Amino acid sequence: MLELSQSDRVFVLTGAGISAESGIPTFRGVGGLWRNYRIEEVASPNAWHRDPALVWEFYSMRRRVAAEANPNPAHLALATLERQLGNRLFLCTQNVDNLHERAGSRRVAHMHGELFKSRCDTCQRPPFSDHLLYQPPTPVPRCQCGGRVRPHICWFGEVPFEMDTIFQVLQHCTIFVAIGTSGVVEPAASFVALVGQKARTIYVGPEEPANRSAFAERYLEKAGEILPHLFPLEGKPD
Ligand code: OAD
């Protein structure tokens with residue numbers, strides 16, 4: 001178990017692995033999404049220009065899977081930790097599902113966007129909540145301005161969200177914990193190296209990540225099994 005002091009500031013980075021035990025497929029590895037879909041056909045600005053209907057088919061499928069999933073003990077443990085640490089915990093996720101929020105986490109930085117939000121690809125209308133499925137025969141939705149409505153997702157070749165805040169918080173954390181991320185996708189893969197020697201660095205997940213050498217401690221276990229015991233949580237997660 002990690003002992004936390006009053007002065008600790010904890011940065012948690014989560015990846016697809018934290019939602020694996022909830023039944024949401026990861027991207028790489030056996031059964032991973034990128035084994036069955038080509039990134040350049042469904043998750044890039046070029047894909048959107050070439051075939052927006054195919055892109056929406058992919059994200060509609062992911063909306064359906066995520067809507068049927070429930071938070072697991074790892075999401076619940078992080079929500080409990082937030083209630084204890086308040087703003088001394090910063091939760092940054094590469095995941096676009098909403099399982100952290102549904103577990104009770106209030107402040108989540110979704111650096112790769114949010115599956116249940118959409119935005120216009122043309123005008124500046126802010127992203128809006130959207131749980132609908134757009135797959136044949138439903139056409140690609142249109143904005144009032146005439147532009148197309150796209151998923152509020154950071155595609156390959158686009159800039160992730162909230163990076164200014166994320167880099168600022170990384171500078172001041174004393175504990176950095178990455179959970180369920182393969183450590184191959186930038187910029188998240190380099191967060192641990194940015195933190196460097198200044199903080200205690202911990203990885204949680206059943207397999208070694210690609211950036212393993214940057215972590216001082218590694219717990220090679222499933223997130224749902226270890227997280228409820230990793231932090232000194234007062235009371236049980238609800
Ligand atoms: P990956 O699919 O690359 O890696 C998932 C990681 O989760 C692997 O290292 C697994 O070992 C681990 N894992 C599997 N089951 C687990 C469990 N029960 N508990 C903990 N860990 C487990 O997913 P990410 O690293 O999140 O980006 O991928 C990063 C980005 O690549 C995604 O956000 C997505 C993708 O392309 C975009 O779509 C922009």
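Being a predicted model, the structure only gives us computed values, none of them experimental. When a ligand or atom number is given, it counts from 1 through the structure's own listing order. Heads up: numbering here begins at 1 and tracks the sequence.
In terms of the side-chain contact (heavy atoms from CB on, under 4.5 Å) criterion, residue partners of Asn211 (sequence neighbours excluded) are, by chain and number, Ala189, Val192, Pro209, Phe215. Under the salt bridge (Lys or Arg N to Asp or Glu O under 4.0 Å) criterion, Glu221 pairs with no residue, sequence neighbours left out. With sequence neighbours left out, Phe116 forms a ring-ring contact (aromatic ring centres under 6.0 Å, His included) with His131.
Using a 3.5 Å distance cut-off with no hydrogens or angles, the side chains of Glu40 and Ser44 do not pair a donor with an acceptor.
Side chain of Trp48 to main chain of Pro151: no donor-acceptor pair is present (N/O by atom type, distance under 3.5 Å, no hydrogens or angles).
Taking the ring centre of Trp56 as origin, the terminal cationic atom of Arg148 falls outside the region bounded by 6.0 Å and 45° from the ring axis.
For ligand 1, the protein residues placed under 4.0 Å by at least one non-hydrogen atom are Gly15, Ala16, Gly17, Ala20, Glu21, Thr26, Phe27, Arg28, Trp34, Gln94, His112, Cys154, Phe156, Gly180, Thr181, Ser182, Val185, Tyr203, Gly205, Pro206, Glu207, Lys222, Ala223.
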